[in-house]
Amino acid sequence: MSSAHTKTEHGHTDHNYLNHGSGIWSWMTTLDHKRIGLMYFATVATLFLIGGFFALGIRLHLAKFGAEPLLDPDTYNKFMTFHGAIMVFMVIIPGIPAFLGNFVLPIQLGAKDVAFPRLNLASYYVFIAGALIAASSMVFNQVDTGWTFYTPYSTSKTSNGVILLVLGAFTMGFSSILTGLNFIVTTHKLRAPGMTMDRIPLMIWALYSTSIIQILATPILAITLLLIGAEKTLGVGIFDPDLGGDPVLFQHFFWFYSHPAVYIMILPAMGVISELITAFSKKTIFGYRAIAYSSVAIAAVSFLVWGHHMFVSGQSTLAGILFSLITMFVGVPTAIKLFNWISTMYRGTVTFDAPMLFALGFMFLFTIGGLTGVFLASTGMDVHFHDTYFVVAHFHYVMVGGTLMALMGGIFYWFPKMFGKMTSDLGGRISWVLIFTGFNVTFFPQFVLGAMGMPRRYFDYLPEYTNLNQISTIGSWLIGLGFLVGLITIIHGILKGEKASDNPWGAKTLEWQTSSPPPHENFTTTPTVTAGPYDFR
Amino acid sequence: MSWSSLIPATSFMPIQATEIAKEVDLLYAFLIIASLVSFVILIGGMTWFLIKFKRTSLDQKSAYITHNNFAEFLWSFIPLIIMMGIFYWGMVIFEKLRTPPEDIAAEIHVTAEQWAWTYRYANGKEFYSSANDPLIVPAGKATKLILTSKDVIHSFYVPAFRTKQDAVPGKLTQLWFEPKQAGEYIVFCTEYCGTKHSGMMIKIKAIPSEEYAAWYHAEKKGADSPADLGKTLFAQKACASCHSIDGSRIVGPTMKGLFGSGRKFADGSQAKADENYLRESILVSSAKIVEGYPPAMPVFQGSLSDEEVANLIEYIKSIK
Ligand code: HEM
Ligand SMILES: [Cu+2]
């Protein structure tokens, strides 16, 4: 770690965190939040490619282009499970907080690092360990339960690979909790002089709300997953009706975590979008307080709505109605955010660089995802749509159209800060066009399939669903191509990109006040904050 | 014709075979319109701003606007009101879907298992799912299903009726519907239940209620011959999920023309399929694995009585 460079020379931009110590070992043992962020980037990107491989496999199978089915039913079910589990637990949940959050949060606060740098590195290795354990279930006793592990299928009717996958998710949960803890303490304790809580950037508000959910909800998942393991190995009889247990209890436990987890996935994305929209409209965010507090409100209400995944599970009609009512309340802070972002563009001066295109793509897709969420929140309507492709389309619009678009936008936005170089704007735009188009071609037909009644997790389907499935598959190739172009653009940027200035977008938050890439300790002199985060006067 | 038929998206919905289906579709049409309007306001507004406030020169200045209490109140309050309306509308339909009427014409126990459904009528009539044996219900009258499962969670979904209910092991749940007209309607399983989840399809056949009454009170057709009992058992034990009876190849060998044929096994040996062979193959299938098939069949030793095995053999013999 320590090297001849540690005595920082003022203003020398050729000294930065990337060349502060070299060799693989200096990365593996680094305590620098920026480097840890990049290590998450590499890890999550790799996992995304694997998850994407399974997605394309699923889609190719469902297109039924050949005379013979591409996959047999068991293999299909395993693909579906790997795809869902990887994308959820290893890509979307850690993606923005652990990668972008780690990189950006301390710099935006004007801090040298997170509050507990060692814990931060430990969280990374815990994540890796969890991912490896989970991945081993792809090799030994493959799992076919779907990422939701519903009992008693998971406990009594399928292979012991479930134990590995569940143990992996359990382990990764620790990483999530520790990162959340680190962010909360950092936000409270390490803000630069003058940075009051109402001057922290919205990205931080989003990460902060997310961290609260991570700390409160993840332990529930951890316990539930342990119970599955215990049920399977010891037969304790909590979920298994043959032993006097209750399978629906599992769903309550599972969604009590996994519903808030949906917000672990989307809140950080909303943070990124807030940053991008102001920066590329060159205008103060509209309704800073409303956006900040609506993040916290969403985090709070997210704990009370889990039962909307269970309208037809056999829970009481009254419970269904109450969950529906509370779910509607989540729609309001979400709508507030959309209106605020759009108002931010009003009388701004908007430019359309690649990051902004992703932000606009987010707005478009997330609006569709959000509106269709209202369909599902309405009990009488959801009975028809539950567990059909309508749901598949809805959550992809939110999770991929929302979170993943924001993640891409965030990557292109902070890229110059990370690597001190620019990505090709053309590359970013082409990638955007392909992903955006492909996305709609893939997932919009699935709303129609759902309305027609096609259930999800189906290896085979009625002939009348064929055309729409084939369109959907063609779209998935466009998405794949789009991400490929994105990846090439990023790698090209790292290797051959033009040198970036300290503040190429003319943004106002603190990370743009330091050099690109930042020095090892983020700032050569501690910044003092005198105004709100988006002061474009 | 109601206004909702003007919304093309509702045409993707399955046929409306119940009154409630119509009501659901009305809400659906409303949601589509409300969503389109919201979408146009949001994304249309955004697009307009993007065009109008596109930056044209480097030194252009943005306005400095931080918030507007009135606007913010409006766009929190109006969505809240609309969503409360949608909640209420959905709730009214939901309660109808969930509350069976007093006068139930047919009450049927439906038991799910991997990957089949069993129906048991009040008078002891019993059926097992197969393409040829749909669930028979009276048209124009209310039917109530009492659902449970033998193994994992399944879900009984009738798109044409816009209704769905999980079948949970160790529990009884219920579902009711009133098909307006005679006809056949598809039923899907919508809770993931393993390998043949997507194959777990049956049909509901609604027949005119006089016809139903006659059918219901009629003697079970054909006495319960061993082959008939075996046929029942064949469906009940889900043998059909791996063995076809029409000669096509699925997971295991077809039953068609099996009896009396010569079999070749994975270890190279051969035998003729006689009663003894069938018996052994049913109880402990791993004893002799037919060449080219996986050793996938469960052991039925202990779970089938000798009489049941005999019935099964008789049935297999009858599949020529
Ligand atoms: C090329 C892009 C993608 C394609 C073509 C695709 C396709 C699919 C398909 C066909 C299913 C199976 C639906 C079913 O049978 O029920 C599925 C499930 C799922 N996907 Fe994706 N997907 C893509 C990207 C993503 C991403 C990036 C995520 C991460 C959030 C994601 C999350 C999920 C989840 C959570 C499920 C549910 C799995 C389950 O029901 O067990 N997908 N996807
Ligand atoms: Cu099923």
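Order of the sequence lines sets the chain letters (A, B, ...), proteins ahead of strands, with each chain counted from 1. Below, each value reflects all heavy atoms present in this structure, side chains not excepted, and no hydrogens, waters or symmetry copies.
Between chain A and the options B/Asn68, B/Thr56, B/Thr173, B/Asn69, heavy-atom pairs under 4.5 Å are most frequent for B/Asn68. The greatest number of non-hydrogen atom pairs below 4.5 Å with chain A, out of B/Ser38, B/Ala71, B/Ala63, B/Pro159, is found for B/Ala63. Interface summary for chain B: among A/Gly532, A/Ser313, A/Pro333, A/Gly370, the most heavy-atom pairs under 4.5 angstrom belong to A/Ser313.
A pairwise comparison of heavy atoms in A/Ile321 and B/Phe87 identifies O-CE1, 3.3 Å as the closest pair.
Using modelled atom types and a 3.5 Å distance limit, the side chains of A/Asp144 and A/Thr81 yield no donor-acceptor pair. Side chains of A/Thr75 and A/Asp72: a donor on one and an acceptor on the other come within 3.5 Å. Side-chain contact check for B/Thr195 and A/Asp74: at least one donor-acceptor pair (N or O, by modelled atom type) lies under 3.5 Å.
Only the side chain of A/Gln251 comes within contact range of chain B, with at least one heavy atom under 4.5 Å from a heavy atom of that chain. With a threshold of 4.5 angstrom between heavy atoms, A/Ser281 approaches chain B through N, CA, C or O but not through any side-chain atom. With a 4.5 angstrom heavy-atom cutoff, A/Asp240 does not touch chain B via any of its atoms. For a residue to count as touching a neighbouring chain, one of its non-hydrogen atoms must lie under 4.5 Å from one of that chain's; by this rule A/Leu449 does not touch chain B. With a 4.5 Å cut-off on non-hydrogen atoms, A/Phe280 does not touch chain B at all. With a 4.5 Å cut-off on non-hydrogen atoms, A/Lys282 touches chain B through its backbone and its side chain both.
Here side chain to side chain donor-acceptor pair (under 3.5 Å) pairs that include residues 320-338 of chain A, with residues two or more places apart or in two chains, are A/Ser294-A/Lys337, A/Ser295-A/Lys337, A/His308-A/Thr327.
Cation-pi check for B/Lys164 over B/Tyr157 is met; the charged atom lies under 6.0 angstrom from the ring centroid and within 45 degrees of its normal.
For B/Tyr88, there are no ring-ring contact (aromatic ring centres under 6.0 Å, His included) partners at least two apart in sequence or on another chain.
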Compile the donor-acceptor pairs under 3.5 Å between side chains in residues 45-53 of chain B and protein atoms, sequence neighbours left out, one pair per line.
from, atom 1, to, atom 2, distance (Å)
B/Thr47, OG1, B/Ile43, O, 2.5

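Of residues 237-244 of chain B, no residue lies under 4.5 Å from chain A by any heavy-atom pair.
Looking at A/Phe254, A/Tyr153, A/Phe250 one by one, the single match for ring pair (Phe, Tyr, Trp, His ring centres under 6.0 Å) with A/Phe239 turns out to be A/Phe250.
Salt bridge annotation for A/Asp387-A/Arg457: absent, with no cationic side-chain nitrogen under 4.0 angstrom from a carboxylate oxygen.
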